[in-house]
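Order of the sequence lines fixes the chain letters, A, B, ..., with proteins taken first and strands second; residue numbering starts at 1 for each chain. Any value given below was found using the heavy atoms of this structure, including those in side chains, with hydrogens, waters and symmetry copies removed.
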Amino acid sequence: MGIAWRRARLLERRSQTATARTLVLTAPDWPGHLPGQHVDVRLTADDGYQAVRSYSLAAPADGDRIELGVQAVDGGEVSPYLTDGLPVGAEVEVRGPLGNWFVWRAEQTEPALLVAGGSGVVPLTAMVRAHRAARSRGPLHLLYSVRSPEDVWYRDHLADGDPLLDVRIMYTRQAPPGSVRPPGRITTADLDEATARLKPASPVYVCGPTGFVEAVDNLLIDRGRDPVTIRTERFG
Amino acid sequence: MTSFSPGFQGRGRRLTDRLPPGQYPTESFPVLSAGPTPRVPTETWSFTVTTELGATHSWTWDEMMALPQQETTHDIHCVTRWSKFDTQWRGVPLDAFLEDVETAADYAVVSSYGGYTTNLPLEDLLDGKAWIVHTYDGYPLSPEHGGPARLLVPHLYFWKSAKWVRGLTLTHEDEPGFWESAGYHNYGDPWREQRNWGD
Ligand SMILES: Cc1cc2nc3c(=O)[nH]c(=O)nc-3n(C[C@H](O)[C@H](O)[C@H](O)COP(=O)(O)OP(=O)(O)OC[C@H]3O[C@@H](n4cnc5c(N)ncnc54)[C@H](O)[C@@H]3O)c2cc1C
């Protein structure tokens, strides 16, 4: 038997950036999930051909509703269909929740650092939203690396008044006018400020493209962070 | 006709005889790891086989490199659904490490630098089915892909091919490893789509 495929209907699609979309789906009898988990999404063509890719859940459990955040990849088989092809009201199949390691639990009360590169912000946003909903006492710090101001997802979720959430956006190519930090990739200085507020055993969650995750991990370990505190999710 | 994903065309319908169910072919080499890439210098690397009675057999890097080497080409299948065809490796078959080891064990737990573990039946490691590899596509295996050396068990999902391998413990009982304890299937045959618990 295993984890079953279930139908999921697209309820709503919203733009996050020019090429990234939020997809809200309803999956009857969804069993719930933890922030950080993902689903497999399966598409079926008229001749029966199927393609499957993994997508992180962008919101904490909410009955039958699940939310994905998908970046259209140039020439990609699945992601452009999800961002622009799948009609509202139509169905795909999903399987999950999957991944029991890259998860944040509301019981966690120690400070945690979240580090996102590009679409890697999706599962970390589920953690941010769950943190707020649980009124968790442990502060969260989110470092979010994007190319330019137009590439920032989830402005509404990241900018509200949760006193225990600290969000820092780092622009790699072009920063908004008046920014103190010059555009560039994440540096030791960016991480030092954030890790100074952690305890030695506090968890660090790093998510994004493999190159980004490798670079961040290396900076953290160079600064003496214990590798066992670092959890990673690589998007390819 | 299907009731799902109207208008979806898809791309690859080739090579289906080589593609296990639910997989797609890729030219790139994605990375699945639970945590950071450990740093493992070959000067201090060693590979240790520990029997169920606690006897140990160890090889340094130079000793491992002095064993007979094989070139071997395989299709590999990651549980995150990519498959990569004709990957080329160089390394030492597990048989070479195990031939002088006295054991009545049925299972092995593979352990890695960085703390990762994975379990499999011992017979899946023998008879030319598994290798310790150090070279990929003609170049030293890069750290994010498991360098300096990883296990290669191409007939199982690729999480069984432990990166940064450092040892093998032989056991009478099957002991679930890292991903096997976190929801992944205990055996992981891609042709039977054994991805998660209960599959
Ligand atoms: C655990 C996990 C969670 C993830 N979560 C998210 C998420 O929340 N949001 C998100 O956007 N992504 C996420 N991803 C990534 C996602 O699963 C897909 O990899 C991504 O959407 C690309 O899929 P695709 O089918 O569009 O592209 P693919 O078809 O897989 O192609 C990827 C790239 O390879 C090139 N390519 C592939 N095949 C060919 C070919 N035959 N010829 C030429 N070029 C080719 C494409 O041009 C493209 O650049 C996640 C991945 C994992 C493993």
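- Contacts of Asn218(A) with chain B are made by both backbone and side-chain atoms, with heavy-atom separations under 4.5 Å.
- A heavy-atom distance below 4.5 Å is not found between the side chains of Phe4(B) and Gln50(A).
- At a 4.5 Å heavy-atom cutoff, the contact between Leu43(A) and chain B is made by backbone and side-chain atoms alike.
- Contacts between Pro87(A) and chain B at a heavy-atom distance below 4.5 Å involve the side chain alone, from C-beta outward.
- Other residues, nucleotides and ligands contribute at most 12 non-hydrogen atoms within 6.0 Å of the CZ atom of Arg65(A).
- Between the OG atom of Ser5(B) and the CG atom of Leu10(A) there is a distance of 12.0 Å, given to the nearest 0.5 Å.
- Interface with chain A: from residues 33-57 of chain B, residues Ser33(B), Ala34(B), Gly35(B), Pro36(B), Thr37(B), Arg39(B) qualify, criterion being any non-hydrogen pair under 4.5 Å.
- Contact annotation: the side chain of Glu91(A) never approaches that of Pro6(B) to less than 4.5 Å [non-hydrogen atoms, C-beta and beyond].
- The greatest number of non-hydrogen atom pairs below 4.5 Å with chain A, out of Glu193(B), Arg81(B), Arg195(B), Glu144(B), is found for Arg81(B).
- For Arg185(A), the CZ atom is loosely surrounded, since the number of other residues' heavy atoms within 6.0 Å does not exceed 12.
- Ring geometry, Phe8(B) versus Tyr49(A): the interplanar angle falls under 30°, so the pair is classed parallel (tilted spans 30 to 60°).
- Annotation: maximal heavy-atom pairing with chain B below 4.5 Å, among Leu82(A), Asp217(A), Thr232(A), occurs at Thr232(A).
- The interface of residues 193-211 of chain A with chain B, defined by heavy-atom distances below 4.5 Å, comprises Thr210(A).
- Residues from residues 146-185 of chain B that place a non-hydrogen atom less than 4.5 Å from a non-hydrogen atom of chain A comprise Phe178(B), Trp179(B), Ala182(B), Gly183(B), given in numerical order.
- Within a 6.0 Å sphere centred on CG of Asp137(B), heavy atoms belonging to other residues, nucleotides or ligands number more than 12.
- In this structure the side chain of Arg53(A) reaches within 4.5 angstrom of the side chain of Tyr24(B), judged on heavy atoms.
- The two residues Ile3(A) and Asp199(B) make their nearest non-hydrogen contact at N-OD1, 3.5 Å.
- Most heavy-atom pairs under 4.5 Å with chain B: of the set Val78(A), Thr229(A), Asp222(A), this distinction falls to Asp222(A).
- Atom CD of residue Glu77(A) and atom CZ of residue Arg11(B) lie 5.0 Å apart, to the nearest 0.5 angstrom.
- The interface of residues 92-110 of chain A with chain B, defined by heavy-atom distances below 4.5 Å, comprises Val92(A), Glu93(A), Arg95(A), Leu98(A), Asn100(A), Trp101(A).
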